[in-house]
Participant: 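If you scroll down you'll find the structure; I have some questions about it.
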Protein chains: 2
Amino acid sequence: MPDSTSHTVVAVVLQVRQGRLVPIVRRVDRGPAEPLETALARAIDVAALAHVEQLETRVLRDGTLATAYLGLVPADADAPDETDDLAPDESELVTAAHARLRAKLSYTNVAFALAPETFTISELREIYVPALGHDVSATNLQRVLVRRGVLARVEGRRAPGRTGGRPAALYRFASRRLEITDEFAALRPPGSRATG
Amino acid sequence: MPDSTSHTVVAVVLQVRQGRLVPIVRRVDRGPAEPLETALARAIDVAALAHVEQLETRVLRDGTLATAYLGLVPADADAPDETDDLAPDESELVTAAHARLRAKLSYTNVAFALAPETFTISELREIYVPALGHDVSATNLQRVLVRRGVLARVEGRRAPGRTGGRPAALYRFASRRLEITDEFAALRPPGSRATG
DNA sequence: CCAAAAGTGTTGAATGTACACCCATGG
DNA sequence: CCATGGGTGTACATTCAACACTTTTGG
């Protein structure tokens, strides 16, 4: 029987691996007077997370109070093995984490936290597709992200594979901190057109 | 000295009054094994809240663990007096609540929770302006919300005041449950144009 | 020269903002 | 008949999805 006064911190980390969004879940009890971030850092290697945000706090089925965090790791980074036997509570948190990520992908630059330092547009597409849960064309992905100034060109190109094809341009995220790229879907303040 | 194992639930309620977004803050300690919603209900009359959502969990300056909720009350509803002497922690939570509200106003129908059952467009504008923190024209507000199907016409018109003017049409929110009206700012799934 | 992959041009639709103008009422 | 507030029409900018077409490579 868990102590009803205890507090658990749950790290829900997502990483794209081989075309799939993979969950890694870790939990620790928060010590008395311990900051949330410290407990989180005991649960997972926070330095490896390119982005972290708090997800939600709920009472788990066993009565434990739990605060969940969403963490994102670049596809090319080393990360712990996928957590496969998820408890129902954990499974719900993973779903919530994925929903949060999916929503933010369309109006922020969060994808920087899932992508390597530099990449081609097709490589980036292979990250967006599992993260969004639906298909995206490389053409439109490039257009939208370049127009918004989210992506910046990087010197050089990626040589084509054995099957040929034009060499791909390399890009990086202009910023690697979370930014809102489309602040108002509507109801913008008067006289605030796109900053060009 | 607060018990470091205790858990406080903070209700941050916002209501528009006389052109201002007014905060009401209440806190209660969550009892052992008590669900979060139950504690919240002890803090504030939840039935009076047209919308509630969890805001964030943090350790307060005095070491207490606190989970904050954002609540919204229609402008015409009775509600407790404004909480004026806000502690720094509370003040930060109010800021966070306002920020969350502002963001959601532009891509959801949350405003239903701040508006009376029926209203004219100018009345609605007087709610949006303080809630958004910037000016909005009644013209565009009407256009955007009607086009999105967020607002529906209601039988009848509001008679003009002493100074004359054309009688105003009455509207209501088509739904009074939170709905995302602009799900994807970009990167929509293929073949998913506006449902018209 | 052909297939493959990357990238650009272009079109059409949707959505928003700004602003001019028309409508209905009180005095 | 004029001031006031309400509402519509229209023009214009922005943004995006879709798709045709061009570019650059390997074999």
Side-chain angles (χ1 to χ4, degrees), chain A residues 105-108 118-126 128-129 132 134-154 156-171 180-196, chain B residues 105-108 118-126 128-129 132 134-154 156-171 180-196:
Chain A
L105 280 172
S106 85
Y107 67 95
T108 71
T118 69
F119 44 81
T120 67
I121 296 295
S122 357
E123 287 161 5
L124 186 60
R125 176 177 170 281
E126 282 162 13
Y128 266 88
V129 170
L132 279 173
H134 66 249
D135 198 24
V136 206
S137 81
T139 300
N140 292 333
L141 188 62
Q142 201 252 26
R143 279 260 230 284
V144 169
L145 297 181
V146 167
R147 179 168 39 203
R148 290 184 172 178
V150 170
L151 294 188
R153 272 300 310 271
V154 163
R157 314 183 149 271
R158 175 95 72 229
R162 270 179 277 281
T163 67
R166 176 173 169 172
L170 294 177
Y171 290 85
I180 311 282
T181 55
D182 192 15
E183 184 168 15
F184 304 95
L187 309 178
R188 293 182 183 74
S192 63
R193 279 290 163 69
T195 5
Chain B
L105 279 172
S106 86
Y107 67 94
T108 71
T118 70
F119 44 82
T120 67
I121 297 296
S122 354
E123 287 161 4
L124 187 60
R125 176 178 170 279
E126 281 161 14
Y128 265 88
V129 170
L132 278 172
H134 67 251
D135 199 23
V136 206
S137 81
T139 299
N140 292 333
L141 188 62
Q142 202 254 25
R143 277 259 230 286
V144 169
L145 297 183
V146 168
R147 181 161 37 201
R148 287 182 174 180
V150 170
L151 295 187
R153 270 303 306 275
V154 163
R157 312 182 151 273
R158 174 94 72 231
R162 272 179 277 280
T163 68
R166 173 173 171 173
L170 294 177
Y171 290 86
I180 311 283
T181 57
D182 193 16
E183 184 168 16
F184 304 96
L187 308 177
R188 292 181 184 74
S192 64
R193 275 294 160 70
T195 3

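The sequence lines fix the lettering, A, B, ..., with proteins before strands; numbering per chain opens at 1. Bear in mind the structure is a predicted one, so any value in this text is a computation, not a measurement. Computed from heavy atoms alone, side chains included, the values below leave out hydrogens, waters and symmetry copies.
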Participant: Would you classify A:Arg125 as touching base, sugar-phosphate or nothing, given that sugar-phosphate means primed atoms plus P, OP1 and OP2, and contacts are heavy atoms under 4.0 Å?
Facilitator: nothing
Participant: Just call it for B:Ala169: base, sugar-phosphate, or nothing, with non-hydrogen atoms closer than 4.0 Å on any strand.
Facilitator: sugar-phosphate
Participant: Compile the donor-acceptor pairs under 3.5 Å between side chains in residues 135-142 of chain B and protein atoms, sequence neighbours left out, one pair per line.
Facilitator:
residue  : atom : partner  : partner atom : Å
B:Asp135 : OD1  : B:Arg125 : NH2          : 2.8
B:Ser137 : OG   : B:Asn140 : N            : 3.0
B:Ser137 : OG   : B:Asn140 : ND2          : 3.3
B:Gln142 : NE2  : B:Tyr171 : OH           : 3.1

Participant: If you find the nucleotide of DNA chain D closest to B:Gly165 and the one closest to B:Leu187, which residue's nucleotide is nearer the 5' end?
Facilitator: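 On the 5' side of the pair lies B:Gly165.
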Participant: Can you tell me how far P of C:dG16 sits from OH of B:Tyr107, to the nearest Å?
Facilitator: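 To the nearest whole Å, that distance equals 15 Å.
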Participant: Can you tell me how far apart CZ (A:Arg153) and OG1 (A:Thr118) are? Round to the nearest 0.5 Å.
Facilitator: 11.0 Å
Participant: Report the distance from atom CG of B:Leu105 to atom P of C:dG16, rounded to the nearest whole Å.
Facilitator: 14 Å
Participant: Between B:Thr120 and A:Ser137, who's closer to the 5' end of DNA chain D by nearest nucleotide?
Facilitator: B:Thr120
Participant: Between A:Arg158 and C:dA6, does any side-chain N or O lie under 4.0 Å from OP1 or OP2?
Facilitator: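 Answer is no, no contact under 4.0 Å.
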Participant: Of all the choices, C:dG7, C:dT25, D:dG7, which nucleotide is nearest to the side chain of B:Pro160 once you look at every atom?
Facilitator: C:dT25
Participant: Which nucleotide sits closest to the side chain of B:Arg162: C:dG27, C:dA24, D:dC16?
Facilitator: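 The closest nucleotide is C:dG27.
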Participant: Grab the CG-P distance between B:Leu170 and C:dA24 for me, whole Å please.
Facilitator: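 Nearest whole value for this atom pair: 16 Å.
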Participant: When the distance from CD1 of A:Ile121 to P of D:dT23 is rounded to whole Å, what number comes out?
Facilitator: 20 Å
Participant: Distance-only criterion, 3.5 Å: show the donor-acceptor pairs between side-chain atoms of residues 143-150 of chain B and protein atoms not counting sequence neighbours.
Facilitator:
residue  : atom : partner  : partner atom : Å
B:Arg148 : NH1  : B:Ser106 : O            : 3.1
B:Arg148 : NH1  : B:Thr181 : OG1          : 3.2

Participant: Using a heavy-atom cut-off of 4.0 Å across all strands, would you classify B:Arg147 as base, sugar-phosphate, or nothing?
Facilitator: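 If one applies the 4.0 Å heavy-atom cut-off, B:Arg147 turns out to touch a base.
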Participant: My understanding is that only residues two or more places apart in sequence, or in another chain, count here; which of them pass ring-ring contact (aromatic ring centres under 6.0 Å, His included) with A:Phe119?
Facilitator: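 Partners of A:Phe119 by the ring-ring contact (aromatic ring centres under 6.0 Å, His included) criterion, ordered by chain and then number, come out as A:Phe173.
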Participant: On DNA chain C, nearest-nucleotide positions of B:Arg166 versus B:Asp182: which is more 5'?
Facilitator: B:Asp182
Participant: Could you check which residues of residues 138-145 of chain B get a heavy atom under 4.0 Å from DNA chain C? Sort them by number, please.
Facilitator: B:Thr139, B:Asn140, B:Arg143, B:Val144
Participant: In whole angstrom, what separates A:Tyr128's OH from D:dA17's P?
Facilitator: 12 Å
Participant: For residues 158-170 of chain A, run the donor-acceptor check on the side chains, cut-off 3.5 Å, and write out each pair with its distance to 0.1 Å, sequence neighbours left out.
Facilitator:
residue  : atom : partner  : partner atom : Å
A:Arg158 : NE   : A:Glu123 : OE2          : 3.1
A:Arg158 : NH2  : A:Glu123 : OE1          : 2.9
A:Arg158 : NH2  : A:Glu123 : OE2          : 3.1

